[in-house]
Amino acid sequence: MPFEIPSDLNPALVGLAWLRGRWEGTGFREWPGQEKAEFAVQVDVSDNGGTYLHYLAQFFATDADGKPVKELGMETGFWFPQADASVDVVMSSSDGYSENWYGKLQPGRVDLVTDAVVRSPIAGHTYTAGRRLYGLVEGKLMYSFDRATDEEELRPYVWATLEDRKSVV
């Protein structure tokens, strides 16, 4: 699905223009010792004219019909694209983690790895490292999040497929 780069978009953000907007869909979370769980997710990516994007993701448990019924958590942060086609991301979650991510931009895709993970006392796991992939595939935002803890090596944890809210009517 082609998209148009807005004429008023800060030139520093052109490489991430495909990520802007509201995305909604479903995903799965799976971790050793926990049952695989489906969830609903809404991701909002916006700009205010600066050289960064604001990212907000909200996760919800769903009922048998797939409708959101209970909040599971949120994460928010800022994406800073660099002139060399890299990106730095600062993110925090309601689970008690703050992360610094870095990665490489490609057309319609960004691969990120953690540079640092900071855990607050409320954090439920000893999450130590992560890898994320965001990609635009046939007009849908697909993402995955692999994580490592003190107990587990880097492995798949969360994955989702989201649709552009404007195309979901």
Side-chain angles (χ1 to χ4, degrees), residues 1-27 29 39-60 68 71-120 122-123 127-148 154 156-169:
M1 170 184 279
F3 63 94
E4 188 173 318
I5 297 174
S7 60
D8 62 344
L9 185 67
N10 186 308
L13 300 177
V14 169
L16 287 171
W18 57 273
L19 191 55
R20 293 172 63 245
R22 173 169 284 177
W23 302 89
E24 295 177 348
T26 57
R29 180 182 64 209
F39 60 89
V41 62
Q42 175 182 307
V43 173
D44 292 288
V45 182
S46 61
D47 72 283
N48 66 358
T51 59
Y52 56 88
L53 292 177
H54 177 249
Y55 168 90
L56 174 65
Q58 301 179 73
F59 306 93
F60 303 91
E71 73 82 27
L72 293 174
M74 296 175 77
E75 59 186 23
T76 189
F78 297 92
W79 295 52
F80 302 92
Q82 305 299 307
D84 65 356
S86 66
V87 62
D88 294 330
V89 179
V90 178
M91 202 178 294
S92 292
S93 78
S94 60
D95 293 331
Y97 303 103
S98 292
E99 306 142 312
N100 288 2
W101 298 84
Y102 65 92
K104 200 71 172 162
L105 292 173
Q106 299 174 41
R109 177 183 171 136
V110 62
D111 295 279
L112 300 170
V113 294
T114 51
D115 181 43
V117 177
V118 178
R119 298 179 306 270
S120 78
I122 67 163
Y127 162 43
T128 57
R131 178 177 55 215
R132 291 187 185 220
L133 170 64
Y134 294 82
L136 188 62
V137 180
E138 297 180 359
K140 295 181 180 180
L141 178 62
M142 302 182 97
Y143 83 89
S144 65
F145 173 22
D146 299 347
R147 79 173 181 182
L154 192 66
Y157 173 52
V158 171
W159 59 96
T161 302
L162 312 177
E163 295 191 45
D164 183 334
R165 187 169 184 256
K166 293 183 291 300
S167 66
V168 181
V169 180

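Keep in mind that what you see is a predicted model, and the values were worked out from it rather than measured.
From D44, atom CG reaches atom CD of Q58 across 7.0 Å, with rounding to the nearest 0.5 Å. Rounding to the nearest 0.5 Å places CG of D164 at 9.5 Å from CD of E24. With rounding to the nearest 0.5 angstrom, the CG atom of L141 is 14.0 Å from the CZ atom of R22. To the nearest 0.5 Å, atom CD of residue E99 and atom OG of residue S92 are 7.5 Å apart. With rounding to the nearest 0.5 angstrom, the CG atom of L162 is 11.0 Å from the CG atom of L136.
Taking every heavy atom of both residues into account, L154 and A129 meet most closely at CD1-O, 4.1 Å. Here the closest heavy-atom approach between residue P81 and residue L13 is recorded as CG-CD2, 3.6 Å. Across Q106 and W18, no two heavy atoms sit closer than the pair O-NE1, 4.5 Å. Scanning both residues, D95 and L72, for their nearest heavy atoms gives OD1-O, 4.4 Å. Across every non-hydrogen atom of R119 and A123, the tightest pair is CB-CB, 4.0 Å. The two residues L9 and A17 come nearest to each other via the heavy atoms CD2-CB, 3.7 Å.
Scanning for salt bridge (charged side-chain N to carboxylate O under 4.0 Å, His left out) contacts around D146 gives R131, with sequence neighbours left out. Residues passing the ring-ring contact (aromatic ring centres under 6.0 Å, His included) test with Y127, sequence neighbours excluded: Y97, F145. Under the ring-ring contact (aromatic ring centres under 6.0 Å, His included) criterion, F60 pairs with no residue at all, not counting sequence neighbours. Take Y55 and apply the ring-ring contact (aromatic ring centres under 6.0 Å, His included) test, not counting sequence neighbours, and it matches W79. When the salt bridge (charged side-chain N to carboxylate O under 4.0 Å, His left out) test is applied to R109, the partners found at least two apart in sequence or on another chain are D111. Partners of Q82 under the side chain to side chain contact (heavy atoms under 4.5 Å, CB included) rule, at least two apart in sequence or in another chain, are F80, D84, S86, D88.
Within the 4.5 Å cutoff, the side chain of V41 has no heavy atoms near those of the W23 side chain. Side-chain contact between V87 and W101: absent, with no pair of heavy atoms (C-beta onward) separated by less than 4.5 Å. Between Q42 and P68 the shortest side-chain heavy-atom distance does not fall below 4.5 Å. Proximity of Y157 to R29: side-chain heavy atoms (C-beta onward) are separated by under 4.5 Å at one or more points.
The backbone N or O of L53 sits nowhere less than 3.5 Å from a side-chain atom of D47 that would complete a donor-acceptor pair. The closest donor-acceptor contact from the side chain of S144 to the backbone of W159 lies at 3.5 Å or more, if one exists at all. For the pair E71 (side chain) and G73 (backbone), a donor-acceptor distance under 3.5 Å is present. Under a 3.5 Å cut-off, the side chain of S98 and the backbone N or O of V118 do not form any donor-acceptor pair.
Classification of the H54-F78 ring pair by plane angle, with boundaries at 30° and 60°, yields tilted.
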Starting from the C-alpha separation in whole Å, work towards a yes-or-no answer on side chain to side chain contact (heavy atoms under 4.5 Å, CB included) for Y143 and V158. CA-CA 8 Å; Y143 83 89; V158 171; 3.8 Å; yes
Report the C-alpha distance between E75 and F59 in whole Å, list the side-chain angles of each, state the deciding distance to 0.1 Å, and finish with yes or no for side chain to side chain contact (heavy atoms under 4.5 Å, CB included). CA-CA 9 Å; E75 59 186 23; F59 306 93; 4.0 Å; yes
